[in-house]
There are 2 protein chains.
Amino acid sequence: MTETRLYRGLSADERRRRRDRQLREACLDVVADQGVAAVTVEQVCARAGLTKRYFYESFPDRDALLVAVLEELFRTVNRRIVAALLVAGPTRLDRSRAAVGELTDLLADDRRLARLYVEAAGHGTLRPHRDRTFARYAEFWLTNVLRRDPTDPLARLAARHVIAGTTEVLCAWLGGELELGRRRVIDALAELGARDVPGPLGGAR
Amino acid sequence: MTETRLYRGLSADERRRRRDRQLREACLDVVADQGVAAVTVEQVCARAGLTKRYFYESFPDRDALLVAVLEELFRTVNRRIVAALLVAGPTRLDRSRAAVGELTDLLADDRRLARLYVEAAGHGTLRPHRDRTFARYAEFWLTNVLRRDPTDPLARLAARHVIAGTTEVLCAWLGGELELGRRRVIDALAELGARDVPGPLGGAR
DNA sequence: GTCATCTGATACGTCGCTGTGTCAGATGCC
DNA sequence: GGCATCTGACACAGCGACGTATCAGATGAC
């Protein structure tokens, strides 16, 4: 279409992507400092050191930015867990530990992500995304960690239970509410996540 | 102090309490229809059929109303679970089922409560209350359902895991995301909640 | 019936955020 | 250097919500 005139050594497209990234980072900063509800176009732009003009260049509104950032987080979680499982041992406990460890590391290394991850539950626009993702995580867990039939409703229920429980515990831990080291937390979560699902075929009766 | 002049057959205090209740109910209606974020003074007043004047008579601002309603919900949950446990059988599964069944009935019978219960996780002002309550639930669970030491950090972690998992599953079920009847859901949750906690003393290795 | 009180409606100024528009100055291209 | 483009700052009208204030009419006490 148009030209690719450089500006400060960057092409139009590079500049655009750079601003997009700045906005996403600023969004996470605001979430970390003041929560999802405080994410406004103006707050984000102030943090990013950009003007509103550039906000609307990348996103139609505040919700679109939040969704984009959340989806990116979910993709990262997914990618890293898949990668971790590739090199994990064969037992359920091995696989559970690999997955939980990866999630823990990710959220512990960037607390901004943790707050977004949690607060997604209460935000009108974010919640559907969060729900769909949790449902997918649950299915993924059944298939790749527990190695059970992912279509069994009871198994799905149990997997959902595990996903939510793991999330909650991680958030409580990240918030300083549990007096345990990272290692102990991962151990415990791995164990909780590796337990077989209940029901007619389950083994926990 | 002042008088107790009747108005439409009610004393000043009765009228005041009546309006307080109307506002709380209206708040729940708005939460059910449009979510916590849509709870504004004006919305609530419109629903309640009252004017803003009476809102500020009972609550300093919107957050205070939300907190009041949430705390009331938590008190109700607690009261009903305590009552259910009084007549429950002696095994962990009996007690788990009694507690889970009570919570399920409560949330299923008033969906407005369910939405508030969930969205509390993502709301700035509500979240601390929700967190503290979940921590108390976890302790309660350890003491009264699993009968374990409520000060053991690992046990607390596991209890928190159960509380969050149960909440999540109930919400998914109430949202129509699980193709299971009430009975099966309660069975499964009761079983998941009755499993012993992991760790040095746990039995799930 | 009269008067004090209570009620419900409405008006108002303020605030924060939105989305668009304008413009001077910086920067790159030739 | 001259010109087109890009940038950042700011102005603006509009909106929805807040919190306060005013006032006429309904209601109860005497």
Side-chain angles (χ1 to χ4, degrees), chain A residues 1-23 25-27 29-31 33-69 123-126, chain B residues 1-23 25-27 29-31 33-69 123-126:
Chain A
M1 294 285 145
T2 60
E3 67 320 322
T4 327
R5 170 177 161 180
L6 295 182
Y7 201 89
R8 304 221 220 218
L10 300 173
S11 75
D13 204 55
E14 285 168 333
R15 276 172 279 148
R16 191 186 172 302
R17 274 206 298 271
R18 181 175 218 258
R19 287 189 291 256
D20 186 281
R21 174 103 320 263
Q22 282 175 276
L23 289 167
E25 291 298 323
C27 176
D29 285 340
V30 175
V31 168
D33 274 17
Q34 305 169 257
V36 168
V39 172
T40 65
V41 174
E42 290 183 339
Q43 280 280 332
V44 169
C45 288
R47 287 272 187 159
L50 294 172
T51 52
K52 289 196 276 184
R53 165 135 78 114
Y54 296 111
F55 183 94
Y56 294 109
E57 173 196 47
S58 285
F59 306 97
D61 54 36
R62 150 212 139 100
D63 280 352
L65 170 59
L66 279 170
V67 168
V69 172
H123 188 273
T125 313
L126 260 30
Chain B
M1 294 286 142
T2 61
E3 68 318 324
T4 329
R5 171 178 161 181
L6 294 183
Y7 200 88
R8 303 221 222 218
L10 301 173
S11 75
D13 204 54
E14 286 168 331
R15 276 171 279 147
R16 192 188 171 302
R17 273 206 298 271
R18 180 175 219 260
R19 289 189 291 256
D20 186 280
R21 174 104 319 267
Q22 283 176 276
L23 288 168
E25 292 299 323
C27 176
D29 286 340
V30 175
V31 168
D33 274 16
Q34 305 168 256
V36 168
V39 173
T40 65
V41 174
E42 290 181 341
Q43 279 280 330
V44 169
C45 288
R47 286 272 187 160
L50 294 172
T51 52
K52 288 196 275 182
R53 166 136 79 117
Y54 295 111
F55 183 93
Y56 294 109
E57 174 195 47
S58 285
F59 306 97
D61 54 36
R62 149 214 139 98
D63 280 351
L65 170 59
L66 280 169
V67 168
V69 173
H123 188 274
T125 312
L126 261 29

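Atom set for the values below is all heavy atoms of this structure, side chains included, hydrogens, waters and symmetry mates excluded. Everything numeric here is computed off the predicted structure, so don't read it as measured data. Throughout, protein chains are lettered first and strands after them, A, B, ... in sequence-line order, and every chain is numbered starting at 1.
Distance, A/Arg15 CZ to D/dT5 P: 13 Å, rounded to whole Å. Following rounding to the nearest Å, B/Glu57 (CD) and D/dG19 (C1') show an atom-to-atom distance of 15 Å. Separating the CD atom of B/Gln22 from the C1' atom of C/dT7 is a distance of 13 Å, rounded to the nearest angstrom. Taking atom CZ of A/Arg19 as the reference point, atom P of D/dG8 lies 7 Å away to the nearest angstrom. At whole-Å resolution of the value, CZ in A/Arg18 and P in D/dT7 are 11 Å apart. Taking atom OH on A/Tyr54 and atom C1' on D/dA9, their separation rounds to 11 Å, with Å as the unit.
Crowding of A/Arg16 atom CZ: a count of heavy atoms from other residues, nucleotides or ligands under 6.0 Å exceeding 12.
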**Request:** For each nucleotide in nucleotides 18-30 of chain C, reading 5' to 3', give B when a protein heavy atom comes within less than 4.0 Å of its base, S when such contact involves only the sugar-phosphate, and - otherwise.
**Result:** BBB-----BBBS-
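Across A/Ala26 and A/Arg47, no two heavy atoms sit closer than the pair CB-CB, 3.5 Å. Closest of all the heavy-atom pairs between A/Leu23 and A/Phe55 is CD1-CA, 3.8 Å. Closest approach of B/Arg15 and B/Leu10 over heavy atoms only: NE-O, 3.2 Å.
Taken to the nearest 0.5 Å, the OG atom of B/Ser58 stands 10.5 Å off from the CZ atom of B/Arg21. A distance of 7.5 Å separates CG of B/Leu6 from CD of B/Glu14, quoted to the nearest 0.5 Å.
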